[in-house]
Amino acid sequence: QVQLVESGGGLVQPGGSLRLSCVASGSIRSINTMGWYRQAPGKQREVVAVSTRSGRINYADSMKGRFTISRDNAKNTVNLEMNSLKPEDTAVYYCYADIYTWSSVSTVGYWGQGTQVTVSS
């Protein structure tokens with residue numbers, strides 16, 4: 001069994017900062033891609049930032065220069081540092097990981113339950 005647990009969401013004023021964290025636990029051999037997605041009310045889920053195990057990172061254009069993703073492979077953790085937050089960033093943020101378990105020969109995708117980020121005055 002694999003679980004992804006997010007933390008760090010909350011209410012922040014425009015221009016503020018927030019740090020999200022996601023920890024994967026369970027029967028994990030290694031994690032390939034790990035990152036963050038978000039879904040605002042009435043919109044489709046979209047990628048925020050993803051990182052491969054080797055360090056290749058991809059940011060969505062609207063987040064470039066404001067958000068920073070980082071990983072700790074030894075702790076199966078991925079973080080998202082969000083700066084200069086805008087009301088448009090309000091969404092549920094989901095952690096995603098593409099994981100090799102000890103019983104699998106290929107990766108399996110897992111999602112966290114999500115954490116709410118609200119940017120408002």
Side-chain angles (χ1 to χ4, degrees):
Q1 184 178 351
V2 173
Q3 291 184 318
L4 273 60
V5 180
E6 303 103 330
S7 63
L11 176 65
V12 64
Q13 293 184 337
S17 300
L18 210 58
R19 183 181 178 87
L20 306 183
S21 181
C22 173
V23 180
S25 62
S27 183
I28 299 172
R29 178 186 296 174
S30 64
I31 302 176
N32 186 15
T33 300
M34 198 172 191
W36 294 91
Y37 293 71
R38 71 183 185 185
Q39 187 167 19
K43 301 187 69 176
Q44 297 295 310
R45 189 171 299 186
E46 63 177 345
V47 64
V48 175
V50 295
S51 176
T52 68
R53 185 175 182 86
S54 63
R56 183 176 180 180
I57 297 172
N58 184 39
Y59 294 98
D61 288 341
S62 63
M63 272 70 80
K64 289 181 179 178
R66 299 190 299 122
F67 292 6
T68 302
I69 189 172
S70 61
R71 287 180 64 169
D72 186 334
N73 291 330
K75 297 181 179 179
N76 293 327
T77 298
V78 63
N79 300 309
L80 184 69
E81 181 73 32
M82 304 184 292
N83 300 308
S84 301
L85 284 164
K86 307 173 181 179
E88 306 93 275
D89 295 319
T90 296
V92 177
Y93 284 70
Y94 296 91
C95 180
Y96 173 82
D98 204 15
I99 297 174
Y100 290 95
T101 70
W102 288 106
S103 61
S104 68
V105 296
S106 60
T107 58
V108 176
Y110 293 89
W111 291 93
Q113 292 299 306
T115 184
Q116 177 70 48
V117 172
T118 302
V119 184
S120 176
S121 298

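In this text the structure is predicted, and so the values were computed from the model without any measurement.
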Just grab all the salt bridge (charged side-chain N to carboxylate O under 4.0 Å, His left out) pairs involving residues 60-71, residues at least two apart or on different chains.
-> Asp61-Lys64, Arg66-Asp89
Are the side chain of Thr101 and the backbone of Ser104 linked by a donor-acceptor contact shorter than 3.5 Å?
-> yes
Exercise: identify the closest heavy-atom pair between Leu4 and Ala24 | CD1-CB, 3.9 Å
Locate the shortest heavy-atom distance separating Leu80 from Ala49; write the atom from each residue and the value.
-> CD1-CB, 4.4 Å
Kindly indicate whether the side chain of Pro87, heavy atoms from C-beta on, has any atom under 4.5 Å from the side chain of Pro14.
-> yes
With rounding to the nearest 0.5 Å, note down the distance linking OH in Tyr110 to CE in Met34.
-> 12.5 Å
Any sub-3.5 Å donor-acceptor pair from Glu6's side-chain atoms to Cys95's backbone N or O?
-> yes
Stepwise side chain to side chain contact (heavy atoms under 4.5 Å, CB included) check, Asp98 with Val108 = CA-CA 5 Å; Asp98 204 15; Val108 176; 5.6 Å; no
Val50 with Trp36, same ILVMFWY side-chain cluster at under 4.5 Å = no
Cation-pi between Arg45 and Tyr94: NZ/CZ under 6.0 Å from ring centre and within 45° of the ring axis?
-> yes
Report the C-alpha separation of Thr107 and Asn32 in whole Å, then their side-chain angles, then the decisive distance to 0.1 Å, and conclude whether the side-chain hydrogen bond (donor to acceptor under 3.5 Å, both in side chains) test is met.
-> CA-CA 8 Å; Thr107 58; Asn32 186 15; 5.6 Å; no
Return the minimal non-hydrogen interatomic distance between Tyr100 and Val105, and the atom names on each side.
-> CE2-O, 4.1 Å
Candidate pair Ser30 and Arg53, rule side chain to side chain contact (heavy atoms under 4.5 Å, CB included), full reasoning = CA-CA 9 Å; Ser30 64; Arg53 185 175 182 86; 4.2 Å; yes
From CA spacing to verdict: ring-ring contact (aromatic ring centres under 6.0 Å, His included), Trp111, Tyr37 | CA-CA 10 Å; Trp111 291 93; Tyr37 293 71; 5.1 Å; yes
Cluster overlap Ile31 with Tyr96, hydrophobic side-chain contacts below 4.5 Å = no
Is the backbone N or O of Asn83 less than 3.5 Å from a side-chain atom of Ser17, with the two atoms forming a donor-acceptor pair by type?
-> no
Euclidean distance, Ile28 CD1 relative to Ile99 CD1, rounded to 0.5 Å | 4.5 Å
Between the main-chain N or O of Arg56 and the side-chain N or O of Thr52, is there a donor-acceptor pair closer than 3.5 Å?
-> yes
Quick one: do Val117 and Val5 end up in the same hydrophobic cluster if we chain Ile, Leu, Val, Met, Phe, Trp and Tyr together by side-chain heavy atoms under 4.5 Å apart?
-> no
State the OG1-CZ distance between Thr68 and Arg19, to the nearest 0.5 angstrom.
-> 9.5 Å
Mind checking whether Val92 and Val47 sit in one hydrophobic cluster, side chains of I, L, V, M, F, W, Y counted as touching below 4.5 Å?
-> yes
In terms of heavy-atom contacts, does CD of Glu46 have more than 12 from other residues, nucleotides or ligands at under 6.0 Å?
-> yes
How long is the span from the CD atom in Gln13 to the OG atom in Ser121, to the nearest 0.5 Å?
-> 6.0 Å
Could you tell me whether a side-chain N or O of Thr77 sits under 3.5 Å from a main-chain N or O of Val23, the two making a donor and an acceptor?
-> no
Nearest-0.5 Å distance that lies between atom OH in Tyr93 and atom CZ in Arg38 | 4.0 Å
Roughly how far, to the nearest 0.5 Å, is OG of Ser7 from CG of Leu20?
-> 8.0 Å
Polar side-chain atom of Tyr59 near backbone of Ile69 as donor-acceptor pair, under 3.5 Å = yes
Indicate if Leu11 and Leu85 have the same hydrophobic cluster label, given that clusters are the connected sets of ILVMFWY residues with side-chain heavy-atom separations under 4.5 angstrom.
-> no
